[in-house]
Structures are given as C-alpha cells and as structure tokens.
Protein chains: 2
Amino acid sequence: MVLMARSATTTDAFNAVAEASRRDLLDAISTGEVTVGELVDRLGLSQPQVSKHLGVLRAVGLVLVRVDGRRRWYRVNGPALQPIHEWVRSFERTWNTRLDRLDDLLAELNDKDTP
Amino acid sequence: MVLMARSATTTDAFNAVAEASRRDLLDAISTGEVTVGELVDRLGLSQPQVSKHLGVLRAVGLVLVRVDGRRRWYRVNGPALQPIHEWVRSFERTWNTRLDRLDDLLAELNDKDTP
DNA sequence: TTGACATATGCCGATATCGGAATATAATGG
DNA sequence: CCATTATATTCCGATATCGGCATATGTCAA
C-alpha cells in the first residue's frame, strides 16, 4: 500500500501552481511563445530548474510545447486553469457582493451593541 | 542556512489550497459558520485531521474563528482568496472566446461607470 | 564527422508534508 | 469536583519535493 505524504505536484493544476516559480514561469510564458533558454534568462533560474518546472506544468496540461529543431516553444494552455478559476469564483460572494458588505455592517453594529 | 524542499503549506493561500481536503473544508465552511465537529461529520475525516487542516487555513488567513465556550465556529475569510482570483483572472484571455472578451469589455466599461 | 548548442533527465541530501494514534488543553454539566 | 465533551497538539514512519550538479539526448553548423 502506498501512503502519500503530500499530493504530487503533478496531481492537478492546484498543486502545480502552488509553487511560486511555476507561477512566474506561467506569467512569463503568457506573453506568447517562449523558449526555455529565454525563460532561463528572464527569470534567472538554472536551466535544469526551468526544465523541471516546465515538466510539471506539462504534466498537468498547463503548458503546451511546439518542438522546433533543438529548441522548444512553450505556450500557456488556458483551459487547464479553469478548474481553479471556477473554484475560486464560487467564493466571490464572500468578498464582493453588496449582501456581504451588508452582513459586515450588521455584524459591526452587533459588536457595538454586545461588547 | 535552511534549505526548504517545498514551500510550506502555510506560506500562502496557493499552497494551503493545493490540498483537496482543505478545499473541501472551505466549501463546507462557505455555507456559513460551522463547528469543527460538524466538519468532521460532514467530510468523514478524523477530528485531528480536520483540526490540522483548519490550522493551516487559519495560518494563511483563509478562515476566521469565533470561540464560543468549548466549541469554535469557523467561517471563510473571502479576501484571502483574492490573490488567487486575481492571478488566475490575468489568464482569462488565454481561454476566453470572442463572446467572453465582449463580456470583459463590457465589464471594464461598467467598472469605469461605477467606481 | 565533430563539436557546440538547447533541453531533458538522473542522482543527491535536506526538508516539510500527510494520516494515524495517543495525548494535552479547556470548558461544560451534574 | 469529576467525567464528559470539543478541539488542538505532539510524535511517528513513509514519502515526494526542491535545488544543485552532472550527465544524457538530440540537433545544428562548419
């Protein structure tokens, strides 16, 4: 029986994106097709580090690659981010809506009434 | 010098939310104030497991607690999710269709009208 | 063909995680 | 005051991660 200590980074987009370096990579790639070497230069990370992180992003489908001779052009695969977007969006009302602000207001008044 | 293997789960909301159980907890809590015992019952997790996960969520400010005698009422702290929301939102254009882009445009115009 | 270039992969040690079980802390009720 | 209830904390073994360094794979160019 296999007992996992922590979900693998390649489990899903949530885990892959937990690492800040990988978010930075996605940010850099989002500007358009980028080469590995260019990412190394831009982010100041080691080449193996970049390749490994890209491997994780590839594994969960967050990036797609186009092979062109000896270099690889990476691009962001947007739809893979949708699960995160949807999940977080379901909480929007907890910070955004007028109703919540009303709740907060009432709570505040309540606090003043019952110290 | 401390060399960290992987960002601590308490580093930020991204890391805290990477774990599926913690997302489930937040989903359950989002319905309103909930007690630890209620979460144990609803999610079928062990009590220490729930308490530990709540500890992580507390550490990154994703939940707030109200102490009431020997029980604790947890609630979601929406704003702590905004960083994730903002980051993912910046990729929206990578998956949106033309219609969605129109929505964005309208939303932008709307924002300008209603500050 | 051979060497330089671009990227991926393998091995390493240090570390924090996870769940389980036991235990600690704290508040309630009889 | 004591047993019970509610929640948090500690210790444990197994595991996957991360960065660094070395190396493998693959491709172009002279």
Side-chain angles (χ1 to χ4, degrees), chain A residues 1-26 28-29 33-60 62-75, chain B residues 1-26 28-29 33-60 62-75:
Chain A
M1 169 188 291
V2 181
L3 211 119
M4 197 136 31
R6 185 173 176 182
S7 304
T9 56
T10 54
T11 301
D12 53 32
F14 286 95
N15 280 280
V17 151
E19 182 78 14
S21 308
R22 272 180 312 251
R23 291 199 299 278
D24 293 342
L25 276 169
L26 286 172
I29 300 172
E33 274 196 334
V34 194
T35 236
V36 177
E38 229 174 288
L39 291 169
V40 171
D41 292 345
R42 282 208 226 162
L43 301 188
L45 299 173
S46 75
Q47 179 268 311
Q49 216 175 345
V50 170
S51 278
K52 284 179 202 166
H53 281 315
L54 288 174
V56 172
L57 295 174
R58 242 185 299 134
V60 299
L62 278 168
V63 294
L64 299 172
V65 208
R66 181 169 62 84
V67 178
D68 167 33
R70 58 182 154 181
R71 76 192 56 159
R72 266 127 160 117
W73 296 90
Y74 279 87
R75 64 185 185 284
Chain B
M1 173 192 285
V2 180
L3 212 119
M4 197 136 34
R6 185 175 177 182
S7 305
T9 55
T10 53
T11 300
D12 54 32
F14 286 95
N15 280 280
V17 152
E19 182 78 13
S21 308
R22 277 187 298 258
R23 291 199 299 279
D24 293 341
L25 275 169
L26 285 172
I29 299 173
E33 273 196 333
V34 194
T35 237
V36 176
E38 230 175 287
L39 291 169
V40 170
D41 291 346
R42 282 208 226 162
L43 302 188
L45 299 172
S46 76
Q47 179 269 311
Q49 215 174 344
V50 171
S51 278
K52 284 180 205 166
H53 282 315
L54 288 174
V56 172
L57 295 175
R58 243 185 299 134
V60 299
L62 278 168
V63 295
L64 299 172
V65 207
R66 181 169 63 84
V67 178
D68 167 34
R70 58 183 156 183
R71 78 193 54 162
R72 267 126 160 117
W73 295 92
Y74 279 88
R75 63 186 186 283

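Letters go in sequence order (proteins before strands), and every chain restarts at 1. Values below: every heavy atom of this structure, side chains too, minus hydrogens, waters and symmetry copies.
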Taking only side-chain N and O atoms of Thr35(A), does any of them lie within less than 4.0 angstrom of OP1 or OP2 on dA6(C)?
no
Hey, does the side chain of Asp68(A) reach the backbone of Arg71(A) with a donor-acceptor pair shorter than 3.5 angstrom?
no
Donor-acceptor check, side chain of Thr35(B) to backbone of Glu38(B), threshold 3.5 angstrom: yes or no?
no
Could you tell me whether the side chains of Tyr74(A) and Arg58(A) share a donor-acceptor contact shorter than 3.5 Å?
yes
Nearest of dA8(C), dT17(C), dT17(D) to any side-chain atom of Val36(A)?
dA8(C)
Checking side chain to side chain contact (heavy atoms under 4.5 Å, CB included) between Leu57(B) and each of Leu25(B), Thr9(B), Thr10(B), which is the one that passes?
Leu25(B)
Do the side chains of Glu19(B) and Arg23(B) get close enough for a salt bridge, i.e. N-O under 4.0 angstrom?
no
Within less than 4.0 Å of OP1 or OP2 of dA6(C), is there a side-chain N or O belonging to Tyr74(A)?
no
Roughly how many Å is it from CG in Leu45(B) to P in dA8(D), rounded to a whole number?
14 Å
Among Asp24(B), Val34(B), Val50(B), find the one that has a side chain to side chain contact (heavy atoms under 4.5 Å, CB included) with Arg42(B).
Val34(B)
Nearest whole angstrom, please: distance from the P of dT7(C) to the CD1 of Ile29(A).
12 Å
Would you mind reading off the distance between Asp24(A) atom CG and dG19(D) atom C1', rounded to a whole angstrom?
16 Å
I need the residues from residues 49-59 of chain A with at least one non-hydrogen atom less than 4.0 Å from DNA chain D; give them sorted by number, or say none.
Gln49(A), Lys52(A), His53(A)
Would you mind reading off the distance between Glu38(B) atom CD and dT5(D) atom P, rounded to a whole angstrom?
18 Å
Roughly how far, to the nearest 0.5 Å, is CG of Leu54(A) from CG of Leu62(A)?
11.0 Å
Within this structure, what is the CG-CG distance for the pair Asn15(A) and Asn15(B), rounded to the nearest 0.5 Å?
9.0 Å
From CD of Glu33(A) across to P of dT7(C) the rounded distance in Å is 13 Å
Whole angstrom value for the distance that separates P of dT17(C) from CG of Asn15(A):
14 Å
Backbone N/O of Ala16(A) and side chain of Arg22(A): donor-acceptor pair under 3.5 Å:
yes
How would nucleotides 22-30 of chain D be written as a contact map, 5' to 3', with B for base contact, S for sugar-phosphate-only contact and - for no contact, using protein heavy atoms under 4.0 Å?
B----BB--
